[in-house]
Participant: 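Have a look at this one before I ask anything.
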Amino acid sequence: MDKIARLIRPEIRALTAYQVPPTGFLVKLDAMENPYGWPEPLTEAWLAELRGASLNRYPDPTANALRIRLRHIMGVPEDAAVLLGNGSDELIQMIALALAAPGRVMLAPEPTFVMYRIIAASAGMNFVGVPLMDDFGLPPATFLKAVDEHQPAVIFLAYPNNPTGNLFNEEHMRAIIKASPGLVVVDEAYHVFAGKSFMAELAEYDNLLILRTLSKMGLAGLRLGLLAGPRNWLAEIDKVRLPYNINVLTQISADFALRHHEVIEAQARRICEDRGKLMKKMRQLDPLTVYPSSANFILFRVPGGRASQIFEMLKSAGVLIKNMHGQGALQDCLRVTIGRPEENSAFFEALAASL
Ligand SMILES: *Cc1c(COP(=O)(O)O)cnc(C)c1O
């Protein structure tokens, strides 16, 4: 035990490992997964392509064919470079590893995606969180003051934000990008549901990077993320990438999926429609505060002190959502991912019963 205390860095010992609940729930609405699979003929065609995979060979180290297809589908500007990661989590880690030095700061609003803080600590950066306003909007003056004070090496802005679901004000974001002495990463993990993006503005700034992932689009099991930005920045970040980080099966499968992009787009449209329907029903449940969402989940606040009880009651009814309670601004908050219509109904019935 004393060896652990002596050798593991204190900031690592202070962390709590990222928690993933056991699966096996009838209705799993906790992780922003797309609930839809592929039609059978598509699955067959995919399996036929996998048959040609050479598992005895290393993958294409830069996944060139896949990168070209991704550039096209994601609308990456001609002049920008693209880097792929084993999930966008790995790209966040690569950015932190390339920037980390004693005293260097990673800044982000809070609450936001918890991996920023965890990765900052593990890479050896100081994480500074700036509290969002009551409506989860960016507080422009406070944020700019924090930028001035901490001179962050990197700022992460999730757009839309997780777990709150909202898109930040674009003008506030532009002011932050302009005022930032370091990099600003706009994390567009939920782009397919939001329809808004800073991708087209890449050319206007020398410190802006755009992060995307295929996870929330229906390929969470593949682990593929994309970072787009200025060539000179990405050439440096690429140096901390482990060789062959995108495996053979992911390269083939993602390329296949992207050739059938219309299937993913149709699923996303469906999810957005169902988000609207579920939100409308939830807003009729009097004691709830339901926050607007541009993502594939809904954050809501339950009557004071009841979040964990309601979460457990849903669990007993076979419905797993995410309990966000206990993190300051998220007091009494729960988050539900949009699933299939029958799953959304099961969630809604269980929620109404629990209230
Ligand atoms: C889910 C999520 C990610 C991580 O996605 P992966 O590509 O699966 O690693 C990154 N950023 C935000 C804001 C997310 O919600």
Side-chain angles (χ1 to χ4, degrees), residues 8-20 32 85-133 136-166 168 172-173 175-177 179-190 198 207-211 213 215 225 227 229 233 236-237 240-241 299 322 324-331 333 335:
I8 301 290
R9 285 185 281 134
E11 62 270 28
I12 302 299
R13 277 188 288 131
L15 286 176
T16 311
Y18 188 80
Q19 296 291 329
V20 179
M32 281 79 104
N86 186 9
S88 51
D89 284 345
E90 190 188 41
L91 291 163
I92 299 167
Q93 186 184 49
M94 283 161 56
I95 294 166
L97 286 175
L99 296 172
R104 292 270 179 92
V105 168
M106 176 192 289
L107 192 86
E110 276 198 309
T112 191
F113 185 46
V114 292
M115 286 310 296
Y116 303 148
R117 180 186 278 279
I118 295 175
I119 288 171
S122 64
M125 295 189 89
N126 294 344
F127 181 90
V128 174
V130 180
L132 290 170
M133 299 190 295
F136 299 128
L138 280 174
T142 318
F143 205 96
L144 289 174
K145 198 160 149 267
V147 171
D148 187 50
E149 182 186 344
H150 297 286
Q151 296 287 305
V154 61
I155 298 172
F156 278 90
L157 297 171
Y159 184 77
N161 191 33
N162 169 13
T164 58
N166 57 313
F168 297 132
H172 295 165
M173 289 182 52
I176 290 166
I177 298 167
S180 170
L183 283 172
V184 177
V185 181
V186 175
D187 182 347
E188 301 185 339
Y190 300 94
F198 276 75
N207 63 337
L208 175 63
L209 304 179
I210 308 288
L211 193 59
T213 175
S215 294
L227 184 67
W233 274 112
E236 297 301 326
I237 295 168
V240 300
R241 182 174 63 88
L299 183 78
K322 179 93 173 172
M324 308 301 305
H325 174 63
Q327 301 173 23
L330 296 175
Q331 202 166 19
C333 283
R335 186 190 68 197

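What's counted below: heavy atoms across the whole structure, side chains too, no hydrogens, waters or symmetry copies.
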Participant: Kindly indicate whether the side chain of P163, heavy atoms from C-beta on, has any atom under 4.5 Å from the side chain of L330.
Facilitator: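 P163 vs L330: side chains touch.
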Participant: A side-chain contact here means heavy atoms from C-beta on lying under 4.5 Å apart; do M94 and L227 qualify?
Facilitator: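 Side chain of M94 against side chain of L227, heavy atoms only: no contact under 4.5 Å found.
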Participant: How far does CG of N161 sit from CD of E110, to the nearest 0.5 angstrom?
Facilitator: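 One gets 10.0 Å once the value is rounded to the nearest 0.5 Å.
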Participant: Quick one: are N207 and P181 in side-chain contact, heavy atoms under 4.5 Å?
Facilitator: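 Side-chain contact under 4.5 Å: no.
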Participant: Measure across A158 and T112 and return the closest heavy-atom pair with its distance rounded to 0.1 Å.
Facilitator: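 Smallest heavy-atom distance, with atoms named: CB-OG1, 4.0 Å.
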Participant: Measure the CG-CZ distance between L99 and R104 for me, rounded to the nearest 0.5 Å.
Facilitator: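 Taking CG in L99 and CZ in R104, the distance rounds to 6.5 Å.
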Participant: Search all heavy atoms of C333 against all heavy atoms of L299 and return the closest pair with its distance.
Facilitator: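 Scanning both residues, the minimum pair turns out to be CB-CD1, 4.0 Å.
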Participant: Identify the residue among D148, L132, L138 that makes a side-chain contact (heavy atoms from CB on, under 4.5 Å) with F143.
Facilitator: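 Of D148, L132, L138, side-chain contact (heavy atoms from CB on, under 4.5 Å) with F143 is met by L138 alone.
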Participant: Please report the interatomic distance CH2(W233) to CG(L208), rounded to the nearest 0.5 Å.
Facilitator: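 Rounded to the nearest 0.5 Å, the CH2-CG separation comes to 11.5 Å.
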Participant: Please find the pair of heavy atoms, one from P139 and one from M133, that lie closest to each other, and give the distance.
Facilitator: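 It is CB-CG, 3.7 Å.
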Participant: Determine, stepwise, if the pair F156 / F113 fulfils side chain to side chain contact (heavy atoms under 4.5 Å, CB included).
Facilitator: CA-CA 9 Å; F156 278 90; F113 185 46; over 6 Å; no
Participant: Is any side-chain heavy atom of Q93 closer than 4.5 Å to one of L97?
Facilitator: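 In short, these two side chains touch, coming nearer than 4.5 Å.
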Participant: Working to the nearest 0.5 angstrom, can you tell me the gap between H172 NE2 and L144 CG?
Facilitator: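 One gets 9.0 Å once the value is rounded to the nearest 0.5 Å.
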Participant: For L15 and A121, work out which heavy atoms get closest and say how close.
Facilitator: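 Looks like CD2-CB, 3.9 Å.
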Participant: Indicate yes or no: at least one non-hydrogen side-chain atom of L157 is less than 4.5 angstrom from one of F198.
Facilitator: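 Side-chain contact under 4.5 Å: no.
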Participant: Hey, what do you get for NE2 (H150) to CD1 (I155), rounding to the nearest 0.5 Å?
Facilitator: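 It is 11.0 Å, given to the nearest 0.5 Å.
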Participant: Does any N or O in the side chain of R9 come within less than 3.5 Å of the main-chain N or O of S122, such that one atom is a donor and the other an acceptor?
Facilitator: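 Answer holds: yes.
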Participant: Before giving the answer on side chain to side chain contact (heavy atoms under 4.5 Å, CB included), spell out for V128 and E149 the whole-Å C-alpha distance, their side-chain angles and the decisive distance to 0.1 Å.
Facilitator: CA-CA 11 Å; V128 174; E149 182 186 344; over 6 Å; no
Participant: When you compare the side chain of I237 with that of L91, does any pair of heavy atoms fall below 4.5 Å?
Facilitator: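 No. Closest side-chain heavy atoms not under 4.5 Å.
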Participant: Measure the spacing between CZ of R335 and NE2 of H325 and express it to the nearest 0.5 Å.
Facilitator: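 These two atoms lie 16.0 Å from each other.
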Participant: So does I8 get a backbone contact from the side chain of R13, meaning a donor-acceptor N/O pair under 3.5 Å?
Facilitator: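 Here the side-chain-to-backbone pair exists.
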Participant: Which atoms form the tightest heavy-atom contact between L107 and P152, and what is the distance?
Facilitator: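 For L107 versus P152, the nearest heavy atoms are CB-CB, 3.7 Å.
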Participant: Within a strict 4.5 Å, meaning less than it, do heavy atoms of the F136 and P109 side chains meet?
Facilitator: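 Heavy-atom side-chain distance check fails, nothing below 4.5 Å.
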Participant: Does a side-chain heavy-atom distance below 4.5 Å link S215 with S88?
Facilitator: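 The answer is no; the side chains never approach within 4.5 Å.
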Participant: Closest approach of I176 and V184, non-hydrogen atoms and distance?
Facilitator: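 In this case the closest contact between I176 and V184 is O-CG2, 4.4 Å.
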